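Along the sequence shown, residues are numbered consecutively beginning with 1. Here the structure is a predicted model, which means the values were calculated and not measured.
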Amino acid sequence: MSVLQATQRVYNHLPQEALRDIAKALRIPFADVYGVATFYTRFHLEPRGEHIVRICQGTACHVKGAPEVTAAIVDALGVGVGETAADLSFTVEAVSCVGCCGLAPVVLVDDKTFGGLKPKAAREMISRLRKEYDR
């Protein structure tokens, strides 16, 4: 696990060639390394954005407008849910629950929490973040 974590920190994902190198170095079957990498959701086999946008889809968030907020963010970023921008700036993820039901609907961007969002506010948030991260 620690080797996979360290590798992911370097590449921001786990390239297949790196998994093969790990298996060889540790003298274990590639299938075992691949199995661990694909079992845990914190490991990623595809490149990810520098900034991760997690949109809560839990019941409270859904009822309070998460589908509309999701659509606004996807539109503002030009990146679909489960996808990464071509320039590797953002990855958009739908998550089950972030435990902030009182702030619904909730979006996490890296370590920042944005609650009570409406579609217009979500678009404005993305615009501000783009400017902030471009510095």
Derivation and outcome, side chain to side chain contact (heavy atoms under 4.5 Å, CB included), residues Ile73 and Met125:
CA-CA 9 Å; Ile73 289 172; Met125 172 200 68; 4.1 Å; yes
Residues, nucleotides or ligands: over 12 heavy atoms within 6.0 Å of Phe30 CZ:
yes
I want to check something: taking the side chain as every heavy atom from C-beta on, are Leu45 and Gln16 in contact at a cut-off of under 4.5 Å?
no
Are Ile28 and Leu14 joined in one hydrophobic group, where the rule is that I, L, V, M, F, W and Y side chains link up if heavy atoms are under 4.5 Å apart?
yes
Side chain to side chain contact (heavy atoms under 4.5 Å, CB included) involving Ile52 - partner list, sequence neighbours excluded
Arg48, Arg54, Thr91, Glu93, Asp110
Closest non-hydrogen atom pair between Gly49 and Thr84, with its separation
N-CG2, 3.4 Å
Minimal non-hydrogen separation, Ala122 against Val69, with atom names:
CB-CG1, 3.9 Å
Determine whether a donor-acceptor pair (N or O, by modelled atom type, separation under 3.5 Å) exists between the side chain of Gln57 and the backbone of Thr70.
no
Is there a path of hydrophobic side-chain contacts, each under 4.5 Å between heavy atoms of I, L, V, M, F, W or Y residues, that connects Leu26 with Val36?
yes
Non-neighbouring partners of Pro47 that pass side chain to side chain contact (heavy atoms under 4.5 Å, CB included), sequence neighbours left out:
His13, Leu88
Can you tell if the side chain of Leu129 reaches within under 4.5 Å of the side chain of Phe114, non-hydrogen atoms only?
yes
In terms of heavy-atom contacts, does OH of Tyr34 have more than 12 from other residues, nucleotides or ligands at under 6.0 Å?
no
Show the numbers, then the answer: is there a side chain to side chain contact (heavy atoms under 4.5 Å, CB included) between Leu4 and Val33?
CA-CA 9 Å; Leu4 292 175; Val33 175; 4.0 Å; yes
For Met1 against Tyr40, the heavy-atom pair lying closest together
SD-CE1, 3.6 Å
Verify side chain to side chain contact (heavy atoms under 4.5 Å, CB included) between Asn12 and His44, making sure each step is shown before the conclusion.
CA-CA 8 Å; Asn12 204 20; His44 306 282; over 6 Å; no
Tracing side-chain links under 4.5 Å among I, L, V, M, F, W and Y, which residues wind up in one group with Val95?
Val98, Leu103, Val106, Leu108
From Leu77 CG over to Ser89 OG, what is the distance, rounded to the nearest 0.5 angstrom?
7.0 Å
Which atom of Ala72 lies closest to which atom of Pro119, heavy atoms considered
CB-O, 3.6 Å
Glu132 versus His51: any side-chain heavy-atom pair under 4.5 Å?
no
Search all heavy atoms of Ala66 against all heavy atoms of Cys56 and return the closest pair with its distance.
CB-O, 3.4 Å
Evaluate whether atom CD of Glu46 has more than 12 neighbouring non-hydrogen atoms of other residues, nucleotides or ligands under 6.0 angstrom away.
no
Heavy-atom pair with the smallest gap, counting every atom of Val79 and Phe90:
CG1-O, 4.4 Å
Determine, step by step, whether Thr59 and His62 satisfy the side chain to side chain contact (heavy atoms under 4.5 Å, CB included) criterion, reporting the C-alpha distance in whole Å, the side-chain angles of both residues, the deciding distance to 0.1 Å, and the verdict.
CA-CA 5 Å; Thr59 302; His62 181 82; 5.7 Å; no
